[in-house]
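Heavy-atom basis, side chains included; hydrogens, waters and symmetry copies ignored. Sequence lines set the chain letters: A, B, ... in the order given, protein chains first and strands last, and positions in each chain run from 1.
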2 protein chains.
Amino acid sequence: MEGKANIQDVAKRANVSIATVSRVINNQGGVRKQTEERILKAIKDLGYIRNAAARTMKSKDTKTIGVIVPDINNPFFPSVMAGIEQKAREKGYFAILSSTNESPVVEQEILKNFIERGVDGVIITTANENGDHLKQVHEQGIPIIAVDRSIQYYDVDTVLVDNVKGSYQAVQHMILQGHEKIAIICGPQNTTPGRERFIGYKKALEDYNLKLDERYIFQGDFGERSGYQGAHQLYSLEERPTAIFSSNNLMTIGCVKAMGDLDWKLGEEISFFGFDDVDIATFLNPKLSVVSRPMHALGELAFQLLHERIQFKDPVPKREYKLSPELIIRESCRLRYPNNSPDGQSLKK
Amino acid sequence: MEGKANIQDVAKRANVSIATVSRVINNQGGVRKQTEERILKAIKDLGYIRNAAARTMKSKDTKTIGVIVPDINNPFFPSVMAGIEQKAREKGYFAILSSTNESPVVEQEILKNFIERGVDGVIITTANENGDHLKQVHEQGIPIIAVDRSIQYYDVDTVLVDNVKGSYQAVQHMILQGHEKIAIICGPQNTTPGRERFIGYKKALEDYNLKLDERYIFQGDFGERSGYQGAHQLYSLEERPTAIFSSNNLMTIGCVKAMGDLDWKLGEEISFFGFDDVDIATFLNPKLSVVSRPMHALGELAFQLLHERIQFKDPVPKREYKLSPELIIRESCRLRYPNNSPDGQSLKK
DNA sequence: TAAAAAAATCTAAACGTTTACATTTAGGAG
DNA sequence: CTCCTAAATGTAAACGTTTAGATTTTTTTA
């Protein structure tokens, strides 16, 4: 009753030795039916729950993995987490989550704590792509999986989204709708996603023989404000673009706000494609077309890779996966020439 | 190097006994400066990290609290979590988070796991307000704090939002703007929030001598679709309301969508107030006025209460806190009579 | 300089499991 | 009925800490 029953108490009550109780708890078999039932009853009567700390001390593994995200308020991460948790539960693992608030210091603390707790593995979207702080984890032989952001210093398995492909397809879609003056609102070029999404844009233009026009490239910082500014700047051009690709969710929001303020008719005067789905997307009129990242799948895959590493400690070389994002075509991106066919001139690949 | 250094190894290397090392690790003082430095160096050299499992086994407490939320994808919870984590970190505690997906079964599993791990306390927004599944936790003497949803069976400390006050103030605001035909889109009356928000609405009307009009009460289910239907139904009335109060975020979204479809001019023909801030609120034109819940504060308070319980195990009676929500006045709620003053007749309190 | 007091350090016993290995028991075979 | 084998159960030694209480060292006092 007093919440302190241990294996001894159970053993005593069932009139067996602790070894037998242990065998029942972990169903290892080799216990007579009758005895097992007696023990099970004792466990129930005493409300016995096994002490994980003691267990861990002997058997080393904890059946627990640690997950570290940089910003729990960014809806992207809870979705990934959901994927991780689902797979983890299936395999009898338990996931504990912590958020760093983009602080490398906090991240380090959390990692240390995870090691102390003896997690069997770590899934992390790091706040410090450099990665030297993962040294301790690595030295303890704890497998690591990087999600969404790669880690430079150590060779860890990595699960990314194919940013290049995503932006390529979005821009391609606009091109096939007949657009030729397609602008991009870029993310910071010193981040992987920022760079890659720009590359996809360039590649699409190139493949369809459209030339890169500096005027249509706006350098943003992934923040809402810069999206707003970007739209304003593009609007102020003599020769306005007919379509805009925005490199992330926040800039998309800023951008659409600006369009509202400028009375720049979305879907009519200006087509639009955003990277990352946003709540407001289906809310606007017209609804926004976006590139959506497979967040749940990202999480599932991350756990799967981790699980393999945990089971087979052999030094398999680093693996890197890129998941394809999905194009969600809604209404914000319309045919350049609603009534005529495009001239087709530059559309040959 | 081999990631397996223990306190023994450190002791050996520093030429002291493990007791002294332990004292240094936990800085309990009583160690000569010189010795301490030697030990610290040994720890560093060996990359020693203390084994939490072993530690827990002796000293009982884990400096860890478990947090359980029903739906990690609902932005409300990550915000609360952020508040919890911040306070926890300040006090040297570590928070582990798990999501139940609104499944009582999963919740039970997680709780068991938390007990096994020996968490010092639990903060929970339960998927099962009944609460009998918390029996085990209770029996182990582990303190529990309920957040946002109360728990019937056991007397646990509870941190709620003052739903009555929030909706009261919102409705009051609309009344003071001169509205008299104020509709409500209710949440389910078998949930605490649904009931309480309706009570606030009724109370406000009563206090200002406005009579309750059945036609203006729409029974929703907290889902987006019901908000949409609600707006439609209210629009179809011969005598339409001039203002609407929506009881939660999702119904707000549905509601506003409907208004768009109906071309029911928000802020002009129809004023609006929602419970819970939503992303789209500042995005619409006019911007939505809403009741905002102090999520961060909720989390902070929850941890604070838990911490007290952990420290002083005395059986203090159950405490219940209601935090005041905040009115965010934006633009969706306008004066009923922009040019004339309201007739004032029914406005005396 | 010796004894007393204070400070630093050490020894050893838990904590609650798991698990190799030892022992007992049950059930047949002879 | 005895012996043998296999199955069931028990014994005891870890695992890596923390922490009383014992012991040693250092400092103070006379």
The salt bridge (charged side-chain N to carboxylate O under 4.0 Å, His left out) partners of B/K87 (sequence neighbours excluded) come to B/E90
Residues passing the salt bridge (charged side-chain N to carboxylate O under 4.0 Å, His left out) test with A/K322, sequence neighbours excluded, are A/E196
Next item on the list: Check whether more than 12 heavy atoms from other residues, nucleotides or ligands sit under 6.0 Å from atom NZ of B/K135, and answer yes or no.
Entry: no
So the ring pair (Phe, Tyr, Trp, His ring centres under 6.0 Å) pairs with at least one residue in residues 302-322 of chain A (sequence neighbours excluded) are A/Y93-A/F303, A/Y93-A/H307, A/F303-A/H307
Using a cut-off of 6.0 Å, state whether more than 12 heavy atoms not belonging to B/K318 lie near its atom NZ.
yes
Quiz prompt | NZ or CZ of A/R293 within 45° of A/F76 ring axis and under 6.0 Å | solution = yes
Quick note, side-chain hydrogen bond (donor to acceptor under 3.5 Å, both in side chains) partners involving residues 100-110 of chain A, not counting sequence neighbours, are A/E102-A/R149, A/E107-A/T126, A/E107-A/H133
Residue set satisfying salt bridge (charged side-chain N to carboxylate O under 4.0 Å, His left out) with A/R13, at least two apart, ordered chain then number -> A/D45
Residues at least two apart in sequence or cross-chain that pass side chain to side chain contact (heavy atoms under 4.5 Å, CB included) with A/N73, listed by chain then number, are A/D71, B/P78, B/S79, B/A82
Nearest heavy-atom approach of A/M81 to A/A95 is CE-CB, 3.9 Å
Taking five pairs at each terminus, the helix from C/dT1-D/dA30 to C/dG30-D/dC1 shows an axis bend, to 10°, of 50°
Item to complete: Determine the contact category for A/E116: base if any of its heavy atoms lies under 4.0 Å from a base atom, sugar-phosphate if only primed atoms, P, OP1 or OP2 are that close, otherwise nothing.
Response: nothing
In whole angstroms, the gap separating C1' of C/dT18 from CG of A/N51 amounts to 13 Å
Which atom pairs link the protein and nucleotides 9-12 of chain C when you take only N or O atoms and keep those under 3.5 Å?
from: C/dT9; atom 1: OP1; to: B/T35; atom 2: OG1; distance (Å): 2.4
from: C/dT9; atom 1: OP2; to: B/R32; atom 2: N; distance (Å): 2.9
from: C/dC10; atom 1: OP2; to: B/S17; atom 2: N; distance (Å): 2.6
from: C/dC10; atom 1: OP2; to: B/S17; atom 2: OG; distance (Å): 3.2
from: C/dC10; atom 1: OP2; to: B/T20; atom 2: OG1; distance (Å): 2.8
from: C/dC10; atom 1: N4; to: B/R23; atom 2: NH2; distance (Å): 2.4

Residues in residues 53-63 of chain A with a heavy atom under 4.0 Å of DNA chain D, by number, are A/M57, A/K58, A/K60
The first and last nucleotides of DNA chain D lying within contact of chain A, meaning any atom under 4.0 Å from one of its heavy atoms, run from D/dA8 to D/dG16
Residues passing the side chain to side chain contact (heavy atoms under 4.5 Å, CB included) test with A/Q304, sequence neighbours excluded, are A/E308
Correct closest heavy-atom pair for B/I310 and B/D120 would be CG1-O, 3.5 Å
Sorted by chain and number, sequence neighbours left out, salt bridge (charged side-chain N to carboxylate O under 4.0 Å, His left out) with A/R23 holds for none
